[in-house]
Each structure stands twice: as structure tokens, then as C-alpha cells.
Amino acid sequence: MPGFELFGEEEKKQVQDVLDSGILMRYGFDGMRNNHWKAKELEKAIQNRMQSKHAQLVSSGTAALTVALASAGIGVGDEVIMPTFTFVASFESIMAIGAIPVLVNIDDTLTLCPISVEKAITKKTKAIMPVHMCGSMANLNALKSICTKHNLLLIEDACQAIGGSYDGKPLGSYGDLGCFSFDFVKTITSGEGGAVITNNEKYYKNADHYSDHGHDHFGNDRGAESHPFLGYNYRISELHAAVGLAQINRLDDFIAIQKRNYNILKNALQGVEGVIFRTVPEGGEENYSFLSFYLPNEKLAQKIHKAFSENGLDACFYWFNNNWHYYRKWQHLINATSLGNLSDETKSKLQEIKQKDFSQSDSWVSRNISCLIKLGWTENEMTKRANKAKKIIEHILAQ
Ligand SMILES: *Cc1c(COP(=O)(O)O)cnc(C)c1O
């Protein structure tokens, strides 16, 4: 990761097709587009790769989450359970449709803790939205059981784990709906873009209409189409889809490179006393975009992370102090700082965040370092990095 490291001729050719016809929009203009339907083709490719009946492309991963929630009928006042460790897009999408984000602890998987999830369920809970952070997945089996028991939807945020799998199914395809991002720093990119996948025809139709102003997409005269319900514009452009089409065909090659580099680092750190790797749920296969591990305590983790950066191991993250990925820095959410009014219900539920005990999340995230696995690193470079990381950790833990 990220896919932009390996742009090549395929991406250029796909984009050139679109520029040659001049039709940058994914819908309509049938006669002028030289039969180029890049968004449609990319949707087919996503369906095939993700073993999913339907795929709807949208303008971003955040849009994918928003459209997934809206398509499943979630709206004002509904509660959606999300993890303390994720990207801000989780609560942004929930709040965009008027629903209420309920933050819940993570566990040693660095994703939603099923026990904490069950405790957070109320009469208003409509969905559980696990986030497969840093290339590995939530315990989907446990979460699915909870959803079945309480009649809730399972919506997977697979934006950081595309290409991984669980129980033999591609991540994103296990829940009722799954979401991907193709933003510029993801495993595959289209510049900006995202996708929703589902096996549920109704949710798919809703996503198709909702993401394009409610257009029903019958016939080939856009102006004459009807609007069965209110929608919005979350469309992707043909130019973006063209880049994505080239990239999805390379996904498995990218994952193979990530896996090679990941294993070099993992093998080097394996057996270093004091280092334990993040737990990957049984039956899960990561997409190898990060290697995440825990140190004995917060102080040592910070010290090692600092030593990594000072020694050129720059692509490693210490999420505990991160502005965007951990609840501790989400003051704008916790204080409900919004440009416009929020509902009283939302404001009062957000106030509860301050009183919640997230020490379980803290105990994992404060000890964690996640090292990004780049595509551009050769085996040789990766081996050097891995040995350097090992030496630094051993040196600091021996002090
Ligand atoms: C990147 C990301 C998103 C949002 O994707 P955008 O395309 O940048 O809007 C959502 N969730 C997670 C976990 C992400 O990493």
C-alpha cells in the first residue's frame, strides 16, 4: 500500500479511453461514449473479485459508508455502533444521515470488541459497523451472531483491508453491506472513489438510486427518469473509475508484494521478547497492508516509535496520539462542534462519550505500533528495514 506507487501503462490507457470519447460522466450519453462504461466495468470487476451479487461505485469511501447506511434505511435517531479506533469517516457518515454514532471499545484484534458491542446495544441500535483497521478484520463470526440475535445490520468498513478474507469470503462480503475506499493512499486507488457491495437486491437498488439524486435509471433518457425517493449526489466520474479499473486488475499482485514484505518484517520480529503481534481472528487472512504489534507498555511503545522515525523507519504509526484515527483526539465529535445545529438527541448521546470507560481500548492502542507495508520496497530494502527495526526494539527493550 498505497496503489499509487505502481501506476503504469494500464492506468494511462484506461484514462485515455475516457478522454478520447470525452464523456467523463458515468451515466447517459450512450451514443457518444465509444462504448466506454468504465464505472460499470469496474462495478462488474468488484462484484467478481468480491464474490458479491452487487456493487455500487461512489465518490469516496466516506460516501460508500453513508450510502450503505442510507440504503439500509438507517436515519434520524437510529444508533450505529462503531469502534474507538477507526478513521473519522465512521462517525461522519453516521451523522451525515442524522443517525447517532455509539463508540465502543476495541480488543487485541485492534477492531470492535464483541463483548463491549453487546453491552452497548439499546432499543435504538440499528447497525454494527466494524472497521477492519490496518489490513486485518474484526471477529465477524461473533459480530454476526450478535446481529442475528438482536436483529441488527452488519456493515463492514473494509476501506483499509481490501483483498483480505474471512471464513473464505472476501472482506466486505460477509456482512449485509461492505464498503471500500479508493482514495489516494489506499491499497488500490482511483484518486478518489469508493464502493458499496451487497447481496441484497433492495439495498443495491437503493444505493444505485440514492447515490444519483434518486434517479431510477430506467431507460436512456436521464431527464425522463423518475425519482422514487430522495437521494443525493455521490457519483464517481468515468476518469476516476478508469484508474480504478486498471488498479483492481492489479489488486492480487499488490497483495502478493505486500505479503512478501510483511513476512520479512514479521519473521524478523518473531521471537523478539516483549513483542506480540496483533490478534487475527481465526479464519481470517489479512491484506498485509500493515504489520501491527504490541510492546510491553505505553512508554516503551512511544520510545520505540520515536527511535524508528529517527532512524529512517518513517512509515510506522503510533495511533494512540493520532489526530484522525483514535477517539482521544476527536474533540470536535466529543464536544459536538458542528457548523450547524445538531439534534438534541444526538448532542446528548455524544455527551456520553466523555463518561465512557475506554481503558480497554487504551490498553491496546497505547502499546501498539503499526508499520505500513509499501509496495515499492524491494526484498533487499525490506530486509534491511526489518533488521533495523529488530535491532532498535531489542536495544530499547534491553535497557
Ligand atoms: C480511508 C478510509 C475511509 C474513507 O475513505 P475516503 O475515500 O477517504 O473517504 C473510511 N474508513 C476507513 C477505515 C478508511 O481508512
Side-chain angles (χ1 to χ4, degrees), residues 1 45-55 61 64-65 68 72 80-87 89-90 104-118 127-150 152-182 186-188 194-200 203 248 251-252 254-256 258-259 262-263 266 277-293 364 368 370 373:
M1 187 163 120
I46 292 169
Q47 275 165 240
N48 287 337
R49 177 61 182 77
M50 300 307 162
Q51 299 167 28
S52 187
K53 278 195 195 142
H54 309 285
L65 295 168
V80 179
I81 289 175
M82 57 162 277
T84 50
F85 177 48
T86 175
F87 181 52
S90 294
V104 164
N105 270 318
I106 57 135
D107 60 21
D108 57 345
T109 64
L110 287 176
T111 67
L112 270 181
C113 164
I115 297 162
S116 309
V117 165
E118 197 150 23
I128 302 176
M129 203 155 77
V131 185
H132 306 318
M133 284 300 278
C134 304
S136 183
M137 76 294 309
N139 186 339
L140 288 168
N141 183 38
L143 294 176
K144 182 95 196 168
S145 305
I146 295 171
C147 285
T148 307
K149 184 171 154 198
H150 297 271
L152 306 173
L153 290 159
L154 184 60
I155 302 178
E156 287 176 75
D157 179 341
C159 291
Q160 290 196 12
I162 189 167
S165 67
Y166 179 81
D167 205 7
K169 295 187 177 75
L171 292 179
S173 72
Y174 192 93
D176 297 287
L177 297 123
C179 299
F180 301 106
S181 163
F182 308 122
K186 296 301 202 280
T187 300
I188 56 170
V196 180
I197 59 170
T198 182
N199 287 324
N200 182 306
Y203 297 161
I248 197 156
L251 174 61
D252 291 317
F254 289 180
I255 298 214
Q258 283 179 178
K259 185 172 180 177
Y262 169 107
N263 279 328
K266 187 162 186 184
F277 297 109
R278 126 198 250 159
T279 300
V280 177
E282 204 186 315
E285 170 147 23
E286 299 175 69
N287 86 342
Y288 305 103
S289 51
F290 287 84
L291 180 73
S292 300
F293 52 90
W364 293 110
N368 169 255
S370 291
I373 305 294

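Proximity of Phe180 to Ile197: side-chain heavy atoms (C-beta onward) are separated by under 4.5 Å at one or more points. Residues Val131 and Phe85 are not in side-chain contact: their nearest non-hydrogen atoms beyond the backbone lie 4.5 Å or more apart. Phe87 has its side chain out of reach of Leu65: every pair of non-hydrogen atoms, C-beta onward, lies at least 4.5 Å apart. A heavy-atom distance below 4.5 Å is found between the side chains of Ile373 and Tyr262. A 4.5 Å side-chain heavy-atom check between Asp157 and Ser181 finds every atom pair outside the cut-off. For the pair Thr187/Gln258, a side-chain contact is recorded, criterion being any heavy-atom separation below 4.5 Å from C-beta on. Taking 4.5 Å as the limit, some side-chain heavy atom of Asn199 sits within range of a side-chain heavy atom of Ser52. The shortest side-chain heavy-atom distance between Asn200 and Asp176 does not fall under the 4.5 Å cut-off.
Using a distance-only test at 3.5 Å, with no hydrogens or angles considered, a donor-acceptor pair links the side chain of His132 to the main chain of Ala138. Between the side chain of Asn368 and the backbone N or O of Phe293 there is at least one donor-acceptor pair closer than 3.5 Å. The backbone N or O of Leu251 sits nowhere less than 3.5 Å from a side-chain atom of Arg49 that would complete a donor-acceptor pair. Checked by atom type and distance alone, the side chain of Gln47 pairs as donor or acceptor with a backbone atom of Lys53 at under 3.5 Å. Under the 3.5 Å distance criterion, the side-chain polar atoms of Glu156 are left unmatched by any main-chain donor or acceptor of Leu171. Between the side chain of Asp167 and the backbone N or O of Lys169 there is no donor-acceptor pair closer than 3.5 Å.
Taken to the nearest 0.5 Å, the CD1 atom of Ile188 stands 4.0 Å off from the CD1 atom of Ile162. In this structure, CG on Asn139 lies 6.0 Å from CG on Asn141, to the nearest 0.5 angstrom. Remark: Leu143 CG to Tyr174 OH distance equals 9.0 Å, nearest 0.5 Å. Taken to the nearest 0.5 Å, the CD1 atom of Ile146 stands 4.5 Å off from the CD atom of Glu118. How far CG of Asn105 is from SG of Cys113: 6.5 Å, rounded to the nearest 0.5 Å. With rounding to the nearest 0.5 Å, the separation of CE in Met133 from CD in Gln160 is 4.0 Å.
Summarising the geometry of Met50 relative to Ser173, their closest heavy-atom pair is O-CB, 3.4 Å, with the distance given to 0.1 Å. Here the closest non-hydrogen pair linking Gly164 and Asn287 is N-CB, 3.6 Å. Residues Gly194 and Ala64 approach most closely at C-CB, 4.5 Å, considering heavy atoms. Listed here is the closest heavy atom pair of Thr198 and Leu177: CB-CD2, 3.9 Å. The two residues Gly163 and Ile255 make their nearest non-hydrogen contact at CA-CD1, 3.5 Å. The two residues Gly284 and Val280 have their closest heavy-atom pair at O-CG1, 3.8 Å.
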**Prompt:** Do Phe182 and Ile46 pass the side-chain contact (heavy atoms from CB on, under 4.5 Å) test, and can you show the C-alpha distance, the side-chain angles, and the key distance before you say yes or no?
**Reply:** CA-CA 12 Å; Phe182 308 122; Ile46 292 169; 3.9 Å; yes
Are Leu154 and Leu140 close enough, and set up right, to give a side-chain contact (heavy atoms from CB on, under 4.5 Å), and what steps lead you there?
CA-CA 9 Å; Leu154 184 60; Leu140 288 168; 4.2 Å; yes
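Checking each of Val104, Asp108, Thr109, Leu110 against Ile106 for a side-chain contact (heavy atoms from CB on, under 4.5 Å) leaves exactly one that passes, namely Leu110.
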